[in-house]
Amino acid sequence: MSNAHHSPTPWMPSKLHVRMIQVKDSLRMRNSRTIVLGGEYGALARDCDSHIPWATEAIGGLPEAVNLWIGNDLSETSFHKDHYENLYAVVTGEKHFLLLPPTDVHRMYIREYPAAQYTYSEVSGEFELKLENPERYVPWCSVNPYPLPKDKEKEMSKFPFYYNGPKPFEVTLKAGEILYLPSMWFHHVRQTPDNRGLTIAVNYWYDMQFDIKYAYFNFLHSLSFCKSRLNDGDSFINENLSNGDKNHKEE
């Protein structure tokens, strides 16, 4: 689908962009991660608006968190949702979003996966992925919207509701622009860096209302979805999405 219309918004002083570039070296180990603007990064917070006035007025409260995102051309975030009203602003580079509404939960094939964390090795200078101990499982979306060509046919057969359904909304967010991402919407994110190899963004998390929208989403998530009959007329596909939102955890 075509990109949504959006126009540049003068939301952030230019000196924040300059200072972010100056601290590139100190942040290099945080690449592709989110940093809450506080503590050791408090100097950056002073150059960034503490909230978006029109969003604060519309939502009826101040943001619960302001996050800094730094990445490069390798950074990618898989499909997920957040329990926040999200105001996402790009400082430099571009962000590319795929968006699906909460009612498309059955197309995400949410399953339980073991929780893990990246740890940095001073010896090897590399990050290593380690499973949490004690073992813990978290619900996560299984769909990869950009499979390798050799894997595409296999992915399409595993996740037909996604690949055979309506295409997601596509939005490209450029420097100086803001995207309002409603709570509970599924989003996948890739990025294009600037000429220095950086993509930097700041987002504002406003608490969502746990109202009828949240109840309706959990109702949909509790259902079992069936694809009627396959071409050979002999079998059914049954995707059980009954786990629901058993625990309220940010994804």
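Heads up: numbering here begins at 1 and tracks the sequence. A quick note: this is a predicted structure, and the numbers were derived from the prediction, not measured.
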With rounding to the nearest 0.5 angstrom, report the [atom1] to [atom2] distance, [X] to [Y].
X: I200; Y: W69; atom1: CD1; atom2: CH2; value: 14.0 Å
X: M156; Y: Y163; atom1: CE; atom2: OH; value: 7.5 Å
X: L220; Y: D104; atom1: CG; atom2: CG; value: 9.5 Å
X: K81; Y: W140; atom1: NZ; atom2: CH2; value: 9.0 Å
X: K95; Y: E177; atom1: NZ; atom2: CD; value: 14.0 Å
X: L74; Y: R190; atom1: CG; atom2: CZ; value: 11.0 Å

- Query: Which heavy atom in Y180 sits nearest to a heavy atom in L87, and how many Å separate them?
  - Reply: CD1-CD2, 4.0 Å
- Message: Are F97 and Y88 an aromatic pair, judged by ring center distance below 6.0 Å?
- Response: yes
Tell me, do [X] and [Y] make a side-chain contact under 4.5 Å, heavy atoms counted?
X: M108; Y: Y162; value: yes
X: L99; Y: L181; value: yes
X: F217; Y: V105; value: yes
X: N86; Y: Y206; value: no
X: H188; Y: E76; value: yes
X: E94; Y: T199; value: no
X: N67; Y: V202; value: no
X: E132; Y: Q117; value: yes

Under 3.5 Å, is there a donor-acceptor pair linking the side chains of [X] and [Y]?
X: D82; Y: H187; answer: yes
X: S183; Y: E85; answer: yes
X: H96; Y: T192; answer: yes
X: S75; Y: Q191; answer: yes

Between [X] and [Y], is there a shared hydrophobic cluster once you connect ILVMFWY residues whose side-chain heavy atoms come closer than 4.5 Å?
X: L223; Y: I110; value: yes
X: M184; Y: Y216; value: yes
X: Y84; Y: L62; value: no
X: L131; Y: L129; value: no
X: F219; Y: Y214; value: yes

- Item | All side chain to side chain contact (heavy atoms under 4.5 Å, CB included) counterparts of D211, not counting sequence neighbours | Q209, K213
- Those residues at least two apart in sequence (or on a different chain) that pass side chain to side chain contact (heavy atoms under 4.5 Å, CB included) with A58 are none
- Test log, rule side-chain hydrogen bond (donor to acceptor under 3.5 Å, both in side chains), inputs S50 and Y204: CA-CA 9 Å; S50 61; Y204 296 77; over 6 Å; no
Between [X] and [Y], is there a donor-acceptor pair closer than 3.5 Å when you use the side chain of the first and the backbone of the second?
X: R111; Y: V138; value: no
X: D194; Y: G197; value: yes
X: H51; Y: D49; value: no
X: E57; Y: W54; value: no

Using distance only, find each side-chain donor-acceptor pair of residues 142-154 under 3.5 Å and give its atom names and separation, not counting sequence neighbours.
{"from": "S142", "atom 1": "OG", "to": "Y109", "atom 2": "O", "distance (Å)": "2.6"}
{"from": "S142", "atom 1": "OG", "to": "Y113", "atom 2": "OH", "distance (Å)": "2.6"}
{"from": "N144", "atom 1": "OD1", "to": "Y146", "atom 2": "N", "distance (Å)": "3.0"}

- Might you work through the ring-ring contact (aromatic ring centres under 6.0 Å, His included) test for F79 and F186, ending with a clear yes or no? CA-CA 6 Å; F79 267 121; F186 294 99; 7.3 Å; no
- H106 vs F161 aromatic rings, parallel, tilted or perpendicular, using cut-offs 30° and 60°? perpendicular
